[in-house]
Amino acid sequence: MVTFVDRVVIHVAAGDGGNGCASIRREKFKPLAGPDGANGGRGGDVVLVVDPQTTTLLGYHHQPHRRATSGTQGAGDMRAGKTGEDLVLPVPDGTVVKTLDGEVLADLVGEGTRFVAATGGHGGLGNAALASPRRKAPGFALLGGEGEQIDLVLELKSVADVALVGFPSAGKSSLIAAMSAARPKIADYPFTTLVPNLGVVQAGDERYTVADVPGLIPGASEGRGLGLEFLRHIERCAVIVHVLDCATLEPGRDPVSDLDTIEAELSAYAGDLDIAGGRVPLMERPRVVVLNKIDVPEARELAELVRPDLEARGLRVFEISTASHEGMRPLSFALAEIVKRARAEAPTAEKTRVILRPKAVDDAGFTVTQRKGSDGPYFEIRGVKPERWVRQTDFNNDEAVGYLADRLARLGVEDELYKAGAVAGDTVVIGPAEGGVVFDWEPTLQTGAELLGPRGTDLRLEEAARPTRAEKRKGFHEMMDAKAAAREELWTERQAGRWTDPDDES
């Protein structure tokens with residue numbers, strides 16, 4: 001049973017941030033000693049890490065959905081919520097991380113290389129962190145932010161110095177078994193090898209890795225056979241070795257035509273590659289021809305016949321037999337020499353530079369756009385801060401809504417709405433049209449704070465006696481009546497035309 005998987009789609013979700021806590025500290029003879037609600041814990045990240053002990057993506061094929069731990073909620077007495085643990089996902093060396101659209105996000109090469117695939121949500125602030133001279137005892141806290149969720153494509157591209165290519169049953173598996181300690185499955189029928197095999201070769205003081213690419217046949221670059229599934233494993237190699245079968249009994253095949261066919265498939269595949277990082281284009285890398293199975297007399301004669309034609313193309317040719325190991329030592333040292341030269345010519349990896357991109361002077365951090373919807377025109381507000389603040393607001397708490405209104409006003413959202421032509425009662429959406437927060441804009445009310453005094457103050461701290469339940473109920477009804485009267489006055493002024501621009505003749 002084949003257990004090698006080199007391409008998977010995974011769905012990762014970072015942990016959510018914990019909610020902040022709204023709490024008031026109570027002490028003996030001092031029942032209201034100030035806010036002591038702590039912040040919620042931050043959600044855990046999803047991190048991909050190169051692990052040398054991991055050689056396949058099979059685990060993610062069976063379990064593609066992965067989620068990090070969420071942070072816990074804050075508590076009173078300044079007990080902060082616990083931070084969620086990061087979810088570390090081990091991946092093989094040479095894994096490429098892409099989006100579903102094919103955009104490359106990371107190329108993970110080298111043990112310990114890390115990539116944060118999804119960032120955990122921020123923990124919500126408790127009322128102790130929200131307290132200020134104007135808001136001495138906030139009766140609310142911020143909600144935790146949602147963790148990032150994303151679908152990713154993981155592709156494994158083997159990190160090998162030498163790639164063995166050729167027709168099925170050309171002897172690639174036998175060659176890698178003869179050169180290294182690898183023990184792939186070997187048989188006399190096509191497509192015996194169903195997965196790429198890696199082997200380590202020691203030639204003198206030089207050590208290099210060899211990989212064979214199974215299943216190359218005419219049309220492999222277009223999806224025929226197994227070639228397209230495994231061609232990606234030759235992208236990182238330093239030298240390409242063509243293993244040609246000189247003892248094949250198939251009609252219409254000979255070493256030269258086999259070489260031309262495989263070269264055409266590699267050229268077609270290389271045309272779609274985006275070579276980056278200073279790597280040499282695939283068809284410009286050193287190529288070596290190996291004429292295999294010369295232990296057969298007819299194969300030895302054919303090898304001697306085609307060798308001059310291959311050398312005339314500028315290719316180095318080696319006649320070998322994986323059965324008797326004839327010619328194996330010169331081939332091993334020749335490949336070591338080519339790999340050593342390629343490593344010396346490879347560009348030195350430069351340290352990643354930190355790029356600072358300061359925000360533009362006229363960048364407000366959000367946009368206000370007038371759009372037309374099925375229910376009429378509305379104003380859409382998009383920006384990282386406004387959308388995050390909305391997600392962190394508990395809309396069941398009037399004081400939390402007032403705090404959100406203050407933050408939006410300080411950010412300049414209300415001024416931009418005026419400039420965009422918004423008037424009282426217009427529909428405003430913060431976030432995307434589908435899933436955003438919708439409300440009717442009331443520019444002059446500021447959530448009724450002017451009727452109640454400074455927003456966020458706790459009158460209980462200034463009074464010697466606590467109000468009775470009847471007094472609280474009476475105060476609430478008076479507040480609601482005042483809001484209704486203010487809204488009615490606004491509507492009356494709008495109908496009377498006092499909201500229109502006298503200079504606007506339209």
Side-chain angles (χ1 to χ4, degrees), residues 19-26 30-37 76 124-143 375 378-379 386 389-410 413-414 417-418 422-430 436-499:
N19 297 336
C21 175
S23 173
I24 299 297
R25 184 169 64 253
R26 301 180 184 276
K30 195 174 183 181
L32 298 175
D36 66 348
L125 298 180
N127 65 342
L130 298 173
S132 66
R134 291 186 56 208
R135 189 180 292 104
K136 297 180 180 179
F140 68 99
L142 298 185
L143 304 178
D375 297 332
Y378 66 94
F379 293 87
W389 292 346
V390 165
R391 291 193 298 266
Q392 292 182 319
T393 300
D394 179 9
F395 286 92
N396 294 322
N397 188 306
D398 290 340
E399 192 175 352
V401 176
Y403 178 70
L404 171 64
D406 285 349
R407 301 179 84 180
L408 294 176
R410 286 195 300 268
V413 171
E414 188 167 305
L417 285 172
Y418 272 123
V423 297
D426 282 349
T427 301
V428 176
V429 179
I430 299 181
V437 177
V438 183
F439 60 92
D440 295 333
W441 187 44
E442 297 178 357
T444 60
L445 280 181
Q446 299 182 7
T447 69
E450 73 286 351
L451 303 175
L452 304 176
R455 183 184 297 116
T457 57
D458 194 333
L459 299 179
R460 296 175 298 179
L461 298 176
E462 303 175 3
E463 295 179 357
R466 298 184 181 181
T468 62
R469 182 173 299 178
E471 291 174 345
K472 290 182 180 179
R473 187 183 298 110
K474 179 180 178 182
F476 174 77
H477 288 304
E478 290 177 352
M479 176 188 68
M480 298 304 294
D481 292 342
K483 285 187 175 181
R487 290 192 181 95
E488 175 118 10
E489 183 179 355
L490 277 176
W491 184 252
T492 303
E493 293 178 355
R494 183 177 183 182
Q495 287 184 326
R498 296 176 61 182
W499 287 89

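Here, residue 1 is the first one in the sequence, and each next residue gets the next number. For clarity, every value in this text was computed on a predicted model and none was experimentally measured. Just the heavy atoms: all of them, side chains too, but no hydrogens, waters or symmetry mates, feed the values below.
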Applying side chain to side chain contact (heavy atoms under 4.5 Å, CB included), run through Arg135 and Asp406 and close with a yes or a no. CA-CA 12 Å; Arg135 189 180 292 104; Asp406 285 349; 3.6 Å; yes

Walk me through whether Tyr403 and Leu142 qualify under side chain to side chain contact (heavy atoms under 4.5 Å, CB included). CA-CA 10 Å; Tyr403 178 70; Leu142 298 185; 4.1 Å; yes

Given side chain to side chain contact (heavy atoms under 4.5 Å, CB included), test Met479 with Phe476 step by step and report yes or no. CA-CA 5 Å; Met479 176 188 68; Phe476 174 77; 3.6 Å; yes

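Residues Ala137 and Glu399 approach most closely at O-OE2, 4.4 Å, considering heavy atoms. In this structure, Ala141 and Gly126 approach most closely via the heavy-atom pair CB-CA, 4.0 Å.
Taken from CZ in Phe379 to CG in Asp426, the straight-line distance is 5.0 Å, to the nearest 0.5 Å. To the nearest 0.5 Å, the span separating CZ on Arg391 from CG on Leu143 amounts to 11.5 Å.
In this view, Ser23 and Asp36 satisfy the side-chain hydrogen bond (donor to acceptor under 3.5 Å, both in side chains) rule, not counting sequence neighbours. Partners of Trp389 according to the ring pair (Phe, Tyr, Trp, His ring centres under 6.0 Å) rule, which considers only residues two or more places apart in sequence or in another chain, do not exist here.
The backbone N or O of Pro138 sits less than 3.5 Å from a side-chain atom of Asn127, completing a donor-acceptor pair. A side-chain donor-acceptor contact under 3.5 Å links Asn397 to the backbone of Gly139.
Taking the six-membered ring where the residue is Trp, Trp441 and Tyr418 present perpendicular rings, their angle passing 60° and hence far from 30°.
Between Phe439 and the choices Thr427, Ile430, Val401, Val429, the side chain to side chain contact (heavy atoms under 4.5 Å, CB included) rule is met once, by Ile430.
More than 12 heavy atoms of other residues, nucleotides or ligands sit less than 6.0 Å from atom CG of Asp440.
Between Phe140 and Asp398, the closest side-chain pair of non-hydrogen atoms is not below 4.5 Å.
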